[in-house]
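The block underneath contains the structure these notes are about, expressed in structure tokens.
On a predicted model such as this, the values are computed, not experimentally measured, just so you know. Order of listing sets the numbers, starting from 1, for every ligand and every atom in it.
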Amino acid sequence: MSVHAGRPPAPEALPIPVVDNHTHLDMARDGEEAPDIPAVIEAATAVGVPRMVQIGCDLPGARLTVEMIDRYAALLGGVALHPNEAPRLHDRGELAQARAEIEQLAAHPRVRVIGETGLDYFRTATEGVAAQQDSFRWHIDLAKRTGKVLQIHDRDAHEDILRILAEEGAPPQTVLHCFSGDIAMARECVERGYFLSFAGTVTFKNAAGLRNALAVTPLANLLVETDAPYLTPAPHRGAPNAPYLIPLTVRAMAAVLSTDVPSLCTALAANSELLYGPW
Ligand SMILES: [Zn+2]
């Protein structure tokens, strides 16, 4: 069945199945309907994306994420307070309680990710920075205490992300979701053993710097994601995104890396299993 009337057509299926490392099946863009999750999973599976990591960004999203992973075997979960959410909770005096609940939800065996956390200097004005940094440090500690993978949101905050990770000591498994750095940052992350997760942004015309960063990243450090419903890959930029569009991003990545699609898929699948284990 077609999932999205009027949405981009399904791309050619990948030869080897990969994992969508970061998606928001609980979210819809303004004015759009919430995704029909079984249909989303079916469409993704049909093109070689049978598994995805569902990320809940605030308390309602984290609660929904746990419900979703209980219901759908294709999903693993991630829970956290997004860097734009933490300052709001802090200002309302609700932070301690929210943290306690995130910690409780994170105990679920199929919540394998603490994230997305990190820093967003694009959206949150100066007064939110201290609360963001404090929240980021707390999530780093939570990932270490629970032995789960840390997924980081980094918007216009590269230096502080790297500095705080170094200060706190990064968890053994650390992922920069929707990687947006340059060559130097990619090299620094690889040297530290972090994983770089590339989204549809790598297909954008104006993203030459990002493609240069991808080109110097070894296969062993790579992941792929949609960050759906946002960041739809070319040539469908602007349309709603969903996990079934990942093959467009994977093929673009293979071209940048001068590697064949099956080799890239094999590496992406192995890296995901290494981080999250089987499911
Ligand atoms: Zn996200």
Side-chain angles (χ1 to χ4, degrees), residues 18-30 32 34-35 37 40 44 49 51-66 68-69 74-89 102 105-106 111-124 128 132 135-136 139-140 142-143 148-158 161 173-181 189 194-204 207 210 222-233 237 239-246 249 268 272 275-276:
V18 303
V19 171
D20 182 347
N21 176 64
H22 184 112
T23 190
H24 303 285
L25 302 184
D26 59 316
M27 288 166 66
R29 305 192 308 178
D30 287 345
E32 287 171 0
I37 296 171
V40 168
V49 190
R51 295 185 297 175
M52 42 227 90
V53 182
Q54 154 62 30
I55 302 289
C57 287
D58 54 14
L59 275 186
R63 291 176 192 134
L64 251 174
T65 293
V66 167
M68 284 161 59
I69 60 180
L75 306 181
L76 285 186
V79 298
L81 304 170
H82 192 279
N84 291 320
E85 175 70 1
R88 287 194 279 264
L89 291 162
I102 289 292
L105 293 167
V111 169
R112 307 233 174 115
V113 171
I114 303 301
E116 56 193 284
T117 177
L119 302 170
D120 190 322
Y121 291 174
F122 179 76
R123 287 242 190 91
T124 301
Q132 282 194 35
S135 180
F136 183 31
H139 284 87
I140 292 170
L142 179 62
K148 309 209 177 202
V149 177
L150 184 71
Q151 278 202 17
I152 294 170
H153 170 102
D154 164 18
R155 187 136 186 214
D156 298 346
H158 304 326
I161 290 279
Q173 297 177 313
T174 295
V175 173
L176 281 104
H177 123 72
C178 189
F179 184 77
S180 59
C189 290
Y194 304 162
F195 287 79
L196 284 62
S197 183
F198 283 83
T201 41
V202 79
T203 69
F204 293 177
L210 186 58
L222 284 176
L223 298 166
V224 68
E225 64 172 70
T226 52
D227 203 16
Y230 311 106
L231 306 180
T232 312
R237 211 176 157 179
N241 200 5
Y244 79 101
L245 293 174
I246 278 240
T249 304
L268 292 168
S272 302
L275 285 175
Y276 306 118

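- Residues meeting the ring pair (Phe, Tyr, Trp, His ring centres under 6.0 Å) test with His139, sequence neighbours left out: none.
- Between His177 and His153, the angle of the ring planes lies from 30° to 60°, which puts this pair in the tilted group.
- Near-neighbour remark for the Zn ion (ligand 1): protein N, O or S atoms under 2.8 Å are His22 NE2, His24 NE2, Glu116 OE2, Asp227 OD1; waters not counted.
- Of the listed residues (Ile246, Thr249, Leu223), just one forms a side-chain contact (heavy atoms from CB on, under 4.5 Å) with Val18, and that residue is Ile246.
- A side-chain donor from one of Asp20 and Thr226 sits under 3.5 Å from a side-chain acceptor of the other.
- Gln132 and Asp120 form no side-chain donor-acceptor contact under 3.5 Å, judged by distance and modelled atom types alone.
- For the side-chain contact (heavy atoms from CB on, under 4.5 Å) with Asp26, the qualifying choice from Leu64, Ile37, Ile55 is Leu64, the only one to do so.
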